[in-house]
Undergrad: 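First, the structure itself, so that you have it in front of you.
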Amino acid sequence: MSRELTLFEAVLVLFLTLFNNSHGYFLPAGSVGIGFNGYFTLTNTTKHTHGQAFDSEPLSFTNPSTNLTTSFSINFFFAIVPEHNNQGSHGMAFVISPTRGLPGASSDQYLGIFNETTNGKSSNNVIAIELDIHKDQEFGDIDDNHVGININDMRSVVSASAGYYDDEDGQFKNLSLISRNVMRLSIVYSQPDQQLNVTLFPAEISVPPRKPLLSLNQDLSPYLLEEMYLGFTASTGSVGAVHYMMGWFIVGEISYPSLEFGRQPNLPPYPKKASHRTRTVLAVCLTVSVIAAFIALWFGLVFYLRHKKVKEVLEEWEIQYGPHRFAYKELSNATKGFKEKQLLGRGGFGQVYRGTLPGSDAEIAVKRTSHDSRQGMREFLAEISTIGRLRHPNLVRLLGYCRHKEHLYLVYDFMPNGSLDKYLYRNGENQERLTWETRFKIIKDVASALLYLHQEWVQVIIHRDIKPANVLIDHEMNARLGDFGLAKLYDQGFDPQTSKVAGTFGYIAPELLRTGRATTSTDVYAFGLVMLEVVCGRRLIERRAVENEEVLVDWIVELWEKGEDILDAAEENIRQEQNRGQVELVLKLGVLCSHQGVSIRPAMSTVMQFLNGVSQLPDNLLDVMRDEKLRGLPETSMEMLLGLNSSTFTHSLVSHGR
Ligand SMILES: *[C@@H]1O[C@H](CO)[C@@H](O)[C@H](O)[C@H]1NC(C)=O
Ligand SMILES: *[C@@H]1O[C@H](CO)[C@@H](O)[C@H](O)[C@H]1NC(C)=O
Ligand SMILES: *[C@@H]1O[C@H](CO)[C@@H](O)[C@H](O)[C@H]1NC(C)=O
Ligand SMILES: *[C@@H]1O[C@H](CO)[C@@H](O)[C@H](O)[C@H]1NC(C)=O
Ligand SMILES: *[C@@H]1O[C@H](CO)[C@@H](O)[C@H](O)[C@H]1NC(C)=O
């Protein structure tokens, strides 16, 4: 099974230690071995040879909910110890390949990636970042100390002499790849920008310099197949060199992690032909140093984690779900110190601020709540653990969170167009009215998010607070369901342990008030009301000149029952004949979903079938809804009555448990 490269399940910190082989993380091939301090040596002193080390499992660079290529960041440390002080052999490379290992690869100028016949073939699908220490005329190399981005070919698409741009003075500083010093390579790819940046810098610098060494504007998605393997290769020629690599960090997002490396190690000199006795001594020394290094690495890791999680406690669910933790400083900078000007709104248990993440220009919404309110805490934990694992284009994405002093912070994607309620209710302003197409799209978006939560995710998730204020509109006018503050995860087959009724007045289903038990049907109830509001552009209850229009649902049912034009309830600007079919459908579906009787309400999969025109609402719907006898039936008996998709029915039974 492939691992997904996602924000929350980020494949993080694969420390290459002595034990890696037994763990099967890597498939060493050729002359790969464990060298100094637990570093991987990709080549030994053998001439004209190559080494490869590949991750044992493939990664998916595709976001499963959108089918789009994800952005990613990769960081690793490496060092090259040449045979002669000023002359290396050929170099090494980081590769993303469709196969685990690159069979048939050659040494020397091919760096253990391609061979004479495979070089340049578009069928390779290999992306490589080369650290080249030999000037090969045939591939147009610029010098014998350069970094290049190669796609399917040893000839680089772009390359530059090794070095970095100092953040302090903006000056370019030369680096020598064969200096025996450990250096770090940072590879960041942004899919939205279709840009790949590569930055080389000394390991002692903990944060990648702002200006990259190489920047390639190219869409890599054609090369990133469904499953790709990550690996390292290196080769020697007539001159030898030992290529070391260690600790690599992969994240399925754009990130510039701060990694403390500490002091440069003194890498052993290039091995001279050793006698048997010195070899034994060497072996003993090596073993000792490897053990010492392992301990050092362990402390390093602990320190690194501590450093990242200052004064913050690691909860059990965090270990399990691992959402991204932001540093408080980062959020404070992003929101200009939580200035009033940045305030987007006040929600149920906290404020929401707008911000921009430094270094990425990504706009975020930060929700802040009090730590000490136990109620808020519990709800927050529910929110984090639930949303952190959900991926759907119609759900607001939770980017991460932070705990600082008495506050908890949740970081979401910023939704530039605010929430749906602003578009629906007339606030005296002359605001733009939504077209019917947009309204219908919004309804379908919310429905598909709910369907995902109720029936498509491995566990049944009840939203518990569906209302226009919790439907957010993104920059492309897609609707996204947000605010899972009240969502509670429960395993299929278990009753939710609800002790108190939560929700928003007006959207709470009658049986929820009675039993206190939230179900998927109580969500459907609220969703039905939201559909009506979207069509009618008004609140559920509003002061009206005509008394029977005050309660929206009652008014619509009255029009329907009296055989009057149900479209009269719809907002004026969408009351057009060409919309009639859809408007009528949504109004009737809204009434059906928000029916008092649980058994009458359809499941979300059925709602979706109606909205997509796969199923038609039955003609005798009014009679069915009026039938008092039906009210005592179990939930979603409606499906049976209408002769619909029986799998939905079973699913619903299973998910509600007994
Ligand atoms: C170097 O690696 C090659 C290929 O795996 C192996 O045959 C050789 O014995 C190694 N040499 C040394 C000195 O370890
Ligand atoms: C993604 O692609 C798969 C296979 O092509 C398809 O089954 C699935 O519906 C797609 N998902 C989305 C969200 O487009
Ligand atoms: C190059 O690699 C391919 C693919 O593994 C292999 O089939 C071919 O024999 C190799 N060619 C040479 C000249 O080594
Ligand atoms: C950096 O490298 C370039 C090209 O190799 C060379 O021309 C330049 O003199 C070097 N600068 C320093 C400060 O070493
Ligand atoms: C790449 O570098 C450029 C120039 O410094 C920067 O503007 C851009 O945001 C970077 N892109 C990524 C994906 O890091």
Side-chain angles (χ1 to χ4, degrees), residues 5 7 27 29-30 48-52 54 61 68-75 93-129 138 147-150 152-154 157-160 163-173 184-201 205 207-221 223-224 229 231 233 235 237 249-258 334 356-363:
L5 200 66
L7 177 58
L27 163 80
H48 300 292
T49 185
H50 74 274
Q52 296 180 349
F54 272 79
F61 286 90
L68 296 177
T69 304
T70 56
S71 301
F72 59 85
S73 313
I74 295 160
N75 283 272
F94 166 79
V95 291
I96 305 177
S97 148
T99 48
R100 185 180 173 201
L102 291 155
S106 299
S107 64
D108 295 69
Q109 69 269 37
Y110 292 103
L111 298 182
I113 309 175
F114 301 125
N115 65 29
E116 219 178 309
T117 41
T118 55
N119 186 37
K121 292 261 162 65
S122 61
S123 56
N124 289 335
N125 260 308
V126 171
I127 298 169
I129 313 296
E138 59 171 312
V147 183
I149 299 174
N150 299 6
N152 293 335
D153 201 328
M154 289 313 297
V157 187
V158 281
S159 63
Y164 67 103
Y165 296 91
D166 197 320
D167 269 351
E168 258 158 46
D169 53 14
Q171 294 290 311
F172 184 78
K173 306 265 164 76
R184 177 173 155 196
L185 198 72
S186 161
I187 302 163
V188 181
Y189 175 65
S190 159
Q191 181 59 38
D193 298 334
Q194 308 198 335
Q195 188 174 48
L196 177 71
N197 283 357
V198 175
T199 316
L200 172 77
F201 51 103
I205 298 181
V207 190
R210 273 194 293 277
K211 184 168 178 191
L213 177 62
L214 294 174
S215 192
L216 172 68
N217 291 307
Q218 186 166 342
D219 181 9
L220 295 187
S221 58
Y223 308 101
L224 297 168
Y229 290 84
T233 68
S235 76
F249 305 80
I250 310 159
V251 190
E253 58 172 314
I254 295 170
S255 88
Y256 311 90
S258 165
T356 308
L357 276 187
S360 74
D361 294 339
E363 289 216 278

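In each ligand, atom 1 is the first atom listed, and ligand 1 is the first ligand listed. Atom set for the values below is all heavy atoms of this structure, side chains included, hydrogens, waters and symmetry mates excluded.
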Undergrad: Would one find more than 12 heavy atoms of other residues, nucleotides or ligands at under 6.0 Å from atom CD of E138?
TA: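 More than 12 within 6.0 Å, yes.
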Undergrad: Got the closest protein heavy atom to atom 9 (O) of ligand 5, with its distance?
TA: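 The answer is Q195 OE1, 4.2 Å.
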Undergrad: Do you know which of F61, Y223, Y189 makes side chain to side chain contact (heavy atoms under 4.5 Å, CB included) with I96?
TA: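 Option passing the side chain to side chain contact (heavy atoms under 4.5 Å, CB included) with I96: F61.
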Undergrad: Classify the side-chain pair S215/N197 by whether it contains a donor and acceptor separated by less than 3.5 Å.
TA: yes
Undergrad: Pick one of side chain, backbone, both or neither for how Y256 approaches ligand 5, counting any non-hydrogen atom pair under 4.0 Å.
TA: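 Side chain only.
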Undergrad: Who's the nearest protein heavy-atom neighbour of atom 8 (C) of ligand 3, and how far?
TA: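 Nearest protein contact, heavy atoms only, for atom 8 (C) of ligand 3 is N115 ND2, 3.8 Å.
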Undergrad: Tell me: protein heavy atom nearest atom 1 (C) of ligand 5, and distance?
TA: N197 ND2, 1.4 Å
Undergrad: Do F72 and L224 have side chains that get closer than 4.5 Å, going by heavy atoms?
TA: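 SC-SC contact between F72 and L224 confirmed.
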Undergrad: Yes or no on side-chain contact (heavy atoms from CB on, under 4.5 Å) for K121 and D153, after CA distance, side-chain angles and deciding distance?
TA: CA-CA 7 Å; K121 292 261 162 65; D153 201 328; over 6 Å; no
Undergrad: Would you mind running through ligand 3 and noting each atom that sits below 4.0 Å from a heavy atom of G104?
TA: 1 (C), 2 (O), 5 (O)
Undergrad: Can you see which heavy atom on I113 is nearest to which on A128, and at what distance?
TA: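 Taking I113 first and A128 second, the nearest heavy atoms are CD1-CB, 4.0 Å.
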Undergrad: Apply the side chain to side chain contact (heavy atoms under 4.5 Å, CB included) test between I127 and each candidate in N152, V157, L220, I187; give the one that qualifies.
TA: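 The residue from N152, V157, L220, I187 that satisfies side chain to side chain contact (heavy atoms under 4.5 Å, CB included) with I127 turns out to be L220.
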Undergrad: What atoms of ligand 5 come within less than 4.0 Å of a heavy atom belonging to S190?
TA: 13 (C)
Undergrad: Report the nearest protein non-hydrogen atom to atom 13 (C) of ligand 3: residue, atom name, distance rounded to 0.1 Å.
TA: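 That would be T117 OG1, 4.2 Å.
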Undergrad: Considering non-hydrogen atoms only, spot the tightest contact between A105 and Q52 and give its length.
TA: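 Taking every non-hydrogen atom into account, CB-NE2, 3.6 Å.
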Undergrad: Would you check the N or O atoms of T118, main chain and side chain alike, for any that come under 3.5 Å of an N or O of ligand 3?
TA: no
Undergrad: Look at atom 4 (C) of ligand 5 and say which protein heavy atom is nearest, naming residue and atom and giving the distance to 0.1 Å.
TA: P212 CD, 3.9 Å
Undergrad: Name the closest protein heavy atom to atom 5 (O) of ligand 3, giving the residue it belongs to and the distance to 0.1 Å.
TA: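 Going atom by atom, the protein heavy atom closest to atom 5 (O) of ligand 3 ends up being P103 O, 3.0 Å.
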Undergrad: Using a strict 4.0 Å cut-off to heavy atoms of V188, name the atoms of ligand 5 that fall inside it.
TA: 13 (C), 14 (O)
